[in-house]
Each structure stands twice: as C-alpha cells, then as structure tokens.
Number of protein chains: 2
Amino acid sequence: MLDAAAERLVAQGYTATTLREIAADIGIKAGSIYHHFESKEDLFIEVFSRGIEVMVDAFGDVDTAMNGCDRESDRLEAHVRAHLGALFEHGSFTAAHVTAFFTAPEELRSAIVPLRDDYEHRWNALLADVLPELDSARLPIARLFLFGAMNTTIEWFDLSGDLSLDGLANLITVQFLEGVDALNLQRSTR
Amino acid sequence: MLDAAAERLVAQGYTATTLREIAADIGIKAGSIYHHFESKEDLFIEVFSRGIEVMVDAFGDVDTAMNGCDRESDRLEAHVRAHLGALFEHGSFTAAHVTAFFTAPEELRSAIVPLRDDYEHRWNALLADVLPELDSARLPIARLFLFGAMNTTIEWFDLSGDLSLDGLANLITVQFLEGVDALNLQRSTR
DNA sequence: GTCTATAGGGAGATAGAC
DNA sequence: GTCTATCTCCCTATAGAC
C-alpha cells in the first residue's frame, strides 16, 4: 500500500493522487485504507518519512563502509552513489519524496522538515570534511548545487540507458569538484 | 488573471490550484473565467507557454547584446544571468513553469513540450559554442547539470539576501565550468 | 481487515440575466 | 464582462455489516 502510494506520488503529485486509485492498485476499496491510517495526510507522512529513511540509511551504510578511506573524493563519490541508489534502486519512497514533497500541504511538510534537516546536516558535515578549504558560508550553497545535480537526474536519467548509476555518480562528483572539463575525462581525473 | 494563476501554480501546483481561488485573487467569480478561457487546461497552457516565452525572449536578448563578445565564458554567464532573471525578475510565469510543469496533466504537458524543446536546443547550441571540446554525446548531460543548478535555485535563493542575482549567475557559471574550487574564488578565476 | 453505502464538501463547467 | 444559480462528478471520510 505504501509502495503504491509512493508510485502514484511520483507520477501525479499529492493532490492528484486519490485514495481510490491507491486502493485499486492493491486490490482493495478506498474505505479500507482507514483501517491502517487515520487520514490521507497520515498515509503520506509515512511515505515521505520512509523516503528520508532510505536516504539516511544509505548515507550511514557508506559512512561505515568507507571508514578507513583516506581519499576524500572517493568518500564523496560513494555518498553520491548512495543517494542516487536511494533515488533509483530502493523503491519509490525517495523518488516520491524528492519529486512530490513540495506538492503536499504545508501542515504535512512541516511534520517532515526535521527529518530533512537531519539529512542535510549530515551532508554539510561530509562536505566540510571533504572540502576543508571551503568557506563555511559557502558550504550550504555547495550542498544545494550538489543536491540539485543529484535530484534533477530523476527527470532525465534512464537506468536502462548506456550510463550506469556508478557512471552517473562519478560524473556528478567530478563535475561538482572539477567542473565541466571533467565531463570529458570520466574516471581519469581522480 | 494569468499572473494570479502563475502565482498560485508556484505556491500549490496544478491540481491544488482552483479556478475559484484565481477568480477570488483578482476580484471576480469563477464562472467569469470561462469568458476568457475554454477550460482550466486552456488557461494553464497559456501560463506555461508564457513561462517559456519569457525565457526565450531573455535568451534572444542576450544573443543580441553579446554579439561581438569574444570571451565565451562571459557569454555563458550572461545567458545564465538571463535565465535567472526570467525565474526571479519577470513575474511568476517562468517560475510557475519550472516548478509546476510536471504537476500538470499529461495532455497539457504534451502541448507545451515543443516549446520546451526549442529552448533546450538553443542552450545545446550555446554550449556547443562555448565548449567546443565537449563530446557531443555529453552535451545534453552538461545542459541538464546546468539546468539543474539554475532551476533548483528557486527552492532556496532569496533575492533580498546577501547574494545578488549577478553574483549567483557568476557562482553557477564558474561552478559549472571549473568545479567547486571556484566557489571560493568568485570573479577571480576568469 | 475488508466490504457496501453514503454523508458532506468542493471541484470544473454551463446557462441565462444584467 | 461579470454575475448567480446550478449541474455533475469525484474527493475524503465515516458507519456498520460480515
């Protein structure tokens, strides 16, 4: 049911997604949803929360796996790869979060914002490590650029195309760190 | 009326925006809208079209003004500035387009796609000029990165903050061309 | 845990007066 | 060009049977 809700969110946004559709997708009737959730808002709070959870878990896994890594650019790339993995490889929760969060009503959003903030702080800390020379005032801007690059891939990246997720993660990382020249030099600039 | 519709689109997305609200915003009743447009879809087709028009016009103006410019990075930065100007300084049409286009029904979107394609082609041509060394297969990806950086600013950039639109355009351009190092070296790396 | 039935509200759209 | 009144449809949510 949560999966169906997430997929509808990605395709249609919050308001256009109806409980009838979600119910039909999983073969029940709309009224039955209220046995599991108190309201539409309640259901989607759960969906958006899981979207963050998937990202945070992926982030944590990389932190563990990359514990002894001394090359900061590799750590960054692994985290970029994990974020993209959350977007494309772990169901629709994160994709739903990234695409539909701003289409949800304000009350719902404010319930989710603390979780979003937590994830953003992790990235700020990571970037401060990876880029110690970066002015701390510029750090959130750098993060926003990187988030923009990662999250907009959902509008154009095709998992079944020539470019793999690993390749995309490398592309985004080197583009972020070294600029457009890096787009011609995949893997060779590290 | 179109302005009111655009502002509602930015704030709420397509489905959540009602004709009653738009009518109330400009002091008329919902039924009166149908004297000007045949349907809700019709009205928003006009709004989304103007969003593109504003961008295309801004792009054309820069082409004219930068005609004799021999520094390609300056040309690029001027176009980035123009795109940001369309987003933040010329009403809500472009902002509405960028934020709400994907919340609109498929039929409406397909009517607008040709206009979007036209604008994208102009940028592809520009980037091919500015970055002649860039593999042509990578060119659309470079454009998508740049669009991602420009368009996501709408979620965080504040016109009344410390950073000006000129500064933001410079930041985005050098970040795009030279990577994150450029974030510490505004204006000095050109 | 799911069903049917339905309440209550609000949406887009239309007709005809002014 | 705008109004009022209204139609039809579909939404969220509830109540009670199974």
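Lettering of chains follows the sequences in order, A, B, ..., and the numbering in each one begins at 1. What you see is a predicted model, and the numbers here were worked out from it, not measured in a lab. All heavy atoms count here, side chains included; hydrogens, waters and symmetry mates do not.
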Is there a side-chain contact (heavy atoms from CB on, under 4.5 Å) between Ile172(B) and Leu84(B) once you walk through the steps? CA-CA 10 Å; Ile172(B) 289 177; Leu84(B) 295 174; 4.2 Å; yes

Trace of the ring-ring contact (aromatic ring centres under 6.0 Å, His included) decision for Phe59(B) with His83(B): CA-CA 7 Å; Phe59(B) 193 99; His83(B) 185 93; 9.3 Å; no

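Here the P atom of nucleotide dC7(D) and the OH atom of Tyr34(B) are 17 Å apart, to the nearest Å. Atoms NZ (Lys40(A)) and P (dG9(C)) sit 18 Å apart, rounded to a whole Å. Rounded to whole Å, atom C1' of dT4(C) lies 16 Å from atom CD1 of Ile33(A). Rounded to whole angstrom, the span from the NE2 atom of His36(B) across to the P atom of dG12(C) amounts to 17 Å. If you take CG of Leu19(B) and C1' of dT8(D), they are 16 Å apart, rounded to a whole angstrom. For Phe37(B) and dT14(C), the CZ to P distance is 15 Å, given to the nearest whole Å. In this structure, Asp42(B) atom CG and dG12(C) atom P are separated by 14 Å, rounded to whole Å.
Checking side-chain atoms of Ser164(B) against main-chain N and O of Gly167(B) turns up a donor-acceptor pair under 3.5 Å. Judged by distance alone, with hydrogens and angles left aside, the side-chain atoms of His97(A) form no donor-acceptor pair with the main-chain N or O of Arg50(A) at under 3.5 Å. A donor-acceptor pair is defined here as one N or O able to donate and one able to accept, closer than 3.5 Å; such a pair exists between the side chain of Arg109(A) and the backbone of Ala104(A).
A close approach under 4.0 Å does not occur between any side-chain nitrogen or oxygen of His35(A) and OP1 or OP2 of dC3(C). The side chain of Arg20(B) contributes no N or O atom lying less than 4.0 Å from OP1 or OP2 of dG10(C). When the side-chain nitrogen and oxygen atoms of Ser32(A) are compared with OP1 and OP2 of dG1(C), none of them lie within a distance under 4.0 Å.
Residue Arg143(B) holds its CZ atom at 10.5 Å from CZ of Phe176(B), rounded to the nearest 0.5 Å. Atoms CG and CD1, on Leu127(B) and Ile141(B) in that order, are 12.5 Å from each other to the nearest 0.5 Å. Between the CD atom in Glu7(A) and the CD atom in Gln12(A) there is a gap of 11.0 Å [rounded to 0.5 Å]. One finds the OH atom of Tyr14(A) at 16.0 Å from the CZ atom of Arg8(A) (value rounded to the nearest 0.5 Å).
At a non-hydrogen distance threshold of 4.0 Å, nothing from residues 21-30 of chain B comes into contact with DNA chain C. A heavy atom closer than 4.0 Å to some atom of DNA chain D occurs in Thr17(A), Thr18(A), these being the qualifying members of residues 3-18 of chain A.
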